[in-house]
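Right, one structure below, let's go through it.
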Amino acid sequence: MKKPITSDQMYRIEENGHSVLGMRRFLMMENAGHGVADFIVHKFKRLKNKRIVAVCGTGNNGGDGFVASRHLAGHGTKITVILLGSPSDLRSEEARLNWGIIEKMNSIEIIFGKELTDEIKSRIAKANIILDSIFGTGIKGGIREPYASAIDAINKSKAYVLAVDVPSGFDPNTGQIHEKCVRADATITFHRLKTGLTKGKKYTGPVHVEWIGIPPEAESGVL
Ligand SMILES: NC(=O)C1=CN([C@@H]2O[C@H](COP(=O)(O)OP(=O)(O)OC[C@H]3O[C@@H](n4cnc5c(N)ncnc54)[C@H](O)[C@@H]3O)[C@@H](O)[C@H]2O)[C@H](O)CC1
Ligand SMILES: [K+]
């Protein structure tokens with residue numbers, strides 16, 4: 001197994017990939033989101049009529065959820081993307097780009113807001129599959145609303161939960177959990193295992209490492 005890395009090392013590898021080797025960040029997000037969709041397609045042979053809900057934050061973890069939802073829309077499933085926040089809060093160009101695409105798609109239902117409305121709670125409660133795209137390696141400090149209530153709703157649901165990169169509320173470096181943490185049935189993490197993911201199986205489930213095409217050369221000077 002390749003040596004696990006910290007979130008700081010991941011960010012530096014991503015930065016090298018982008019600025020030294022010219023791999024645009026939206027390509028990394030596209031490959032990450034495709035990997036998530038591919039994992040679901042292979043896990044659930046029949047996706048038709050399955051209700052999939054992507055619960056997304058306003059960072060690039062959320063962006064991965066937008067991309068995965070677009071890839072899954074091609075499989076005839078009912079997809080809902082829930083953005084916990086406002087589109088104007090989306091932090092990166094690549095997340096805004098992907099939000100701009102899915103908001104034009106009739107095959108994806110979009111709901112956004114800064115609080116957990118009954119509509120959002122009911123989508124999560126009725127989901128067959130949930131993509132946990134709230135936070136990944138960018139989690140910092142105490143978990144604010146509506147994220148805390150969203151994590152509770154995900155943990156109460158009967159859905160199959162796939163954590164994108166890291167279960168939301170899980171520290172990618174230490175494996176410690178914040179006051180709330182998604183309990184995932186599986187985790188798909190990008191590029192390399194994060195050091196914290198060697199622990200906390202109760203929250204991560206089995207961990208799948210997805211290569212997203214960042215050139216190995218991007219690791220020089222970092223690992
Ligand atoms: N590194 C790579 O090569 C790739 C990473 N991808 C994905 O990007 C995320 C990391 O994205 P980032 O924007 O840095 O952070 P997050 O999306 O994980 O979270 C930041 C987001 O969450 C908010 N937030 C943070 N802490 C809290 C808190 N305690 N309470 C409430 N809100 C919080 C913050 O404001 C931001 O909005 C990585 O995990 C991958 O999934 C790429 O897409 C693929 C390549
Ligand atoms: K996550």
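All ligand and atom numbering here is 1-based and tracks the order in the structure. We count residues from 1, following the sequence as given.
- Taking a cut-off of under 4.0 Å to the non-hydrogen atoms of Met29, the atoms of ligand 1 that pass are 43 (O).
- Within the 4.0 Å heavy-atom criterion, the part of Asp165 lying near ligand 1 is the side chain and not the backbone.
- Looking from atom 14 (O) of ligand 1 to the surrounding protein, the closest heavy atom is Tyr11 OH, 2.6 Å.
- Side chain of Lys194 to backbone of Arg192: a donor-acceptor contact under 3.5 angstrom is found.
- Angle O(Val164) to the K ion (ligand 2) to OG(Ser168), rounded to 10°: 170°.
- Glu219 and His191 are linked by a side-chain donor-acceptor pair at a separation below 3.5 angstrom, with hydrogens and angles left out of the test.
- Residue contacts with ligand 1: Gly141 is placed with a nitrogen or oxygen under 3.5 Å of a nitrogen or oxygen of the ligand (distance criterion only).
- A salt bridge links Arg25 to Glu15: one of the charged nitrogens lies within less than 4.0 Å of a carboxylate oxygen.
- Atoms of ligand 1 lying under 4.0 Å from any heavy atom of Gly136, numbered from 1 in the order shown and given with element: 16 (P), 18 (O), 39 (O).
- Closest to atom 4 (C) of ligand 1 by heavy atom, among Glu179, Lys180, Arg12, Glu14, is Glu14.
- Contact check for Ile5 versus Val222: no side-chain heavy atoms found under the 4.5 Å cut-off.
- Among Ile134, Asp64, Asn31, Thr58, the residue whose heavy atom lies nearest to atom 6 (N) of ligand 1 is Asp64.
- Protein heavy atom at the shortest distance from atom 3 (O) of ligand 1 is Met10 CE, 3.2 Å.
- Taking all heavy atoms of Gly17, Gly138, Gly142 into account, the minimum distance to atom 15 (O) of ligand 1 is reached by Gly138.
- A distance-only check finds a donor-acceptor pair linking the side chain of Asn173 to the backbone of Ser7 [under 3.5 Å].
- In Ile214, the part holding a heavy atom less than 4.0 Å from any atom of ligand 1 is the side chain.
- Every N/O-N/O distance between Phe135 and ligand 1 stays at or above 3.5 Å.
- Judged by distance alone, with hydrogens and angles left aside, the side-chain atoms of Asn31 form no donor-acceptor pair with the main-chain N or O of Trp211 at under 3.5 Å.
- Put simply, the side chain of Ser168 gets close to the backbone of Phe135: a donor and an acceptor are under 3.5 Å apart.
- Of all N, O or S atoms in Asp132, the one lying closest to the K ion (ligand 2) is O.
- Glu179 places a side-chain N or O within donor-acceptor distance of the main-chain N or O of Ile143, the cut-off being under 3.5 Å.
- With a 4.0 Å cut-off on non-hydrogen atoms, His191 does not touch ligand 1 at all.
- Looking at atom 36 (C) of ligand 1, its nearest protein heavy atom turns out to be Arg91 CD, 3.5 Å.
- Contacts between Tyr147 and ligand 1, counted as non-hydrogen atom pairs separated by less than 4.0 Å, involve the side chain only.
- Of the residues listed (Phe112, Phe26, Trp99), the one engaging Phe66 in a ring pair (Phe, Tyr, Trp, His ring centres under 6.0 Å) is Trp99, and it is the only one.
- The angle Val166:O - the K ion (ligand 2) - Phe135:O amounts to 80°, with values rounded to 10 degrees.
- No donor-acceptor distance shorter than 3.5 angstrom exists from the side chain of Thr77 to the backbone of Ile79, with no hydrogens or angles considered.
- Panel note: side chain Arg91, backbone Asn60; no donor-acceptor pair is recorded below 3.5 Å.
- Side-chain N or O atoms of Asn98 include none that pairs as donor or acceptor with a backbone N or O of Val67 at under 3.5 Å.
- The protein non-hydrogen atom at the shortest distance from atom 13 (O) of ligand 1 is Asn60 N, 2.9 Å.
- Among all non-hydrogen protein atoms, the one lying nearest atom 45 (C) of ligand 1 is Ile212 CD1, 3.5 Å.
- Heavy-atom proximity to atom 10 (C) of ligand 1, evaluated over Thr137, Val67, Val36, is greatest for Thr137.
- The pair Glu109-Arg51 does not meet the salt-bridge criterion, since no charged nitrogen lies less than 4.0 angstrom from a carboxylate oxygen.
- Lys140 O, 2.6 Å is the protein heavy atom nearest to atom 29 (N) of ligand 1.
- Among Ile139, Asn61, Leu27, the residue whose heavy atom lies closest to atom 9 (C) of ligand 1 is Asn61.
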